[in-house]
Amino acid sequence: MFSSASLRRLAPCLLSIGLAACSSPPQRAADGQDPRFQPAAASDILAQTSWDLARWTLPGGALRPVPHPSSSSRPITASFIHDRGSPLMAGFAGCNQYSAPYTIANGLLILRSHPVSTMMACAPQAMKLEQDFLAGLTRITATSLDNTNNPQRMTWVLSTGDTLDFGRRVDPVAGGQIGPTKLVYVNSERVPCSAGAGRAMCYQVRDSASQPWQSWYGEITGFNFQPGIRYRLRVVEVQDPNPPAGASSLRWVLDAVIEQEIAAR
């Protein structure tokens, strides 16, 4: 039997449209995402992959000129990472760096908000291409991959009828190098430094977010550094058999990009 106090608590629900009205609202996940998206995020096949825009087909079949990865021009790119547990899409849009949170729902790539980008000015043709690409990110109506186990080609269909085809970049790997691995932060700018017998531009690195930045006098093999982006990398530390005169004999080889974010201006 229900007590009178229990009945008083249940009365508003019983007067509502069914007992479903009594259910509590869904709790937010620790990273702030709607839990309805969690299963998709957990099976995110795009995580830790990077892509170059290879072809842009307009409605009717004509091709729109885009910077091609095989040429000397810089292609439009898309990389998918999990930034502190939250899926983030980032890349180069033709003139500026961009980023936006995303989710995968029933195989469809969905941006959870409009992309944000840096504010550099470029030639009018490049700016127009970038504007159309960034606008297209919120108009994806179909997403397909050529192979769900090891995709090498990704296709988007936009609500405008445009089709964008991407080719997968080679994922950063340690290249068979043997050595200890470590996690490092890399700042968004390189700075002048004295390296070996002369002056050079050094990375600013640190082991934890609470430490001050320090100069790293060597290269990071396999790392495609983009100014304005702050990174967290997993690297393999190896011995350089032929280090420059006066430079460290240690060298880092990129194993994986763990996080990246556009640095605050």
Side-chain angles (χ1 to χ4, degrees), residues 44-81 83 87-105 107-148 150-173 188 222-229 231 254 257 260-263:
D44 183 5
I45 194 174
L46 293 179
Q48 296 300 114
T49 64
S50 297
W51 304 79
D52 293 324
L53 178 61
R55 184 171 59 187
W56 187 319
T57 306
L58 298 169
L63 296 180
R64 180 173 186 174
V66 296
H68 201 272
S70 63
S71 70
S72 58
S73 55
R74 186 177 175 186
I76 291 174
T77 64
S79 296
F80 300 89
I81 62 173
D83 184 4
L88 183 73
M89 176 182 174
F92 178 68
C95 181
N96 288 277
Q97 303 289 336
Y98 71 93
S99 66
Y102 75 94
T103 191
I104 305 294
L108 177 65
L109 171 63
I110 301 173
L111 267 65
R112 299 173 65 88
S113 66
H114 288 278
V116 296
S117 67
T118 52
M119 302 295 290
M120 291 181 57
C122 294
Q125 184 176 359
M127 290 295 293
K128 174 60 175 171
L129 180 63
E130 175 173 282
Q131 291 169 1
D132 291 347
F133 175 75
L134 293 178
L137 294 178
T138 60
R139 299 171 181 165
I140 301 172
T141 58
T143 310
S144 61
L145 299 168
D146 63 336
N147 185 331
T148 55
N150 183 27
Q152 300 298 313
R153 177 178 171 179
M154 176 174 63
T155 300
W156 302 346
V157 177
L158 309 184
S159 60
T160 56
D162 297 61
T163 301
L164 278 61
D165 291 299
F166 294 79
R168 185 171 177 179
R169 288 187 165 191
V170 176
D171 293 332
V173 294
S188 56
F223 177 39
N224 182 26
F225 174 76
Q226 302 293 340
I229 304 294
Y231 300 87
L254 180 68
V257 177
Q260 64 182 34
E261 61 180 357
I262 296 178

Point to revise | Test log, rule side-chain contact (heavy atoms from CB on, under 4.5 Å), inputs L137 and Y102 | key: CA-CA 10 Å; L137 294 178; Y102 75 94; over 6 Å; no
Exercise for review: Please identify each residue that fulfils side chain to side chain donor-acceptor pair (under 3.5 Å) with T57, with sequence neighbours left out.
Suggested key: none
Review point. Which pair of non-hydrogen atoms, one from A54 and one from H68, has the smallest distance, and what is that distance?
Key: O-CD2, 3.6 Å
Point to revise | Sequence neighbours excluded - salt bridge (Lys or Arg N to Asp or Glu O under 4.0 Å) pairs with any residue from residues 114-127 | key: none
Review point. Excluding sequence neighbours, so at least two apart, what forms side-chain contact (heavy atoms from CB on, under 4.5 Å) with T77?
Key: D52, P75, F92, R169
Check your understanding: Should P151 and R168 count as side-chain neighbours, where that means a heavy-atom distance under 4.5 Å?
Key -> yes
Practice item. Kindly write out the residues that satisfy salt bridge (Lys or Arg N to Asp or Glu O under 4.0 Å) with R139, not counting sequence neighbours, or none if the list is empty. Key: none
Exercise for review: List the atom of I110, the atom of A105, and the distance in Å for their closest heavy-atom pair.
Suggested key: CD1-CB, 3.9 Å
Review point. Does V157 offer a backbone N or O that forms a donor-acceptor pair with the side chain of T141 under 3.5 Å?
Key: yes
Practice item. For S117, enumerate each residue passing the side-chain contact (heavy atoms from CB on, under 4.5 Å) test, keeping only those at least two apart in sequence or located in another chain. Key: N96, Y98, L134
Check your understanding: Hey, does L109 have a side-chain heavy atom less than 4.5 Å from the side chain of I104?
Key -> yes
Practice item. For L164, enumerate each residue passing the side-chain contact (heavy atoms from CB on, under 4.5 Å) test, keeping only those at least two apart in sequence or located in another chain. Key: L53, W56, F133, W156, L158, D162, F166
Practice item. Could you tell me whether R153 and D146 have a side-chain N and a carboxylate O separated by less than 4.0 Å? Key: no
Check your understanding: Listed by chain and number, what are the side-chain contact (heavy atoms from CB on, under 4.5 Å) partners of Q226, not counting sequence neighbours?
Key -> R74, Q97, N224, I229, Y231
Practice item. Identify the two heavy atoms, one from A90 and one from Q260, that lie closest to each other, and give their separation to 0.1 Å. Key: CB-NE2, 3.5 Å
Point to revise | Contact check, side chains of S50 and V257, non-hydrogen atoms, under 4.5 Å | key: no
Point to revise | Which residues share a salt bridge (Lys or Arg N to Asp or Glu O under 4.0 Å) with D132, sequence neighbours left out | key: R64, K128
**Study point:** Nearest non-hydrogen partners of P115 and A100, listed with the distance
**Key:** CA-CB, 3.7 Å
Check your understanding: Between R55 and L63, does a side-chain contact (heavy atoms from CB on, under 4.5 Å) hold up when you go through it step by step?
Key -> CA-CA 7 Å; R55 184 171 59 187; L63 296 180; 3.6 Å; yes
Review point. Any idea which heavy atoms bring M154 and W51 closest together, and the distance?
Key: N-CZ3, 3.5 Å
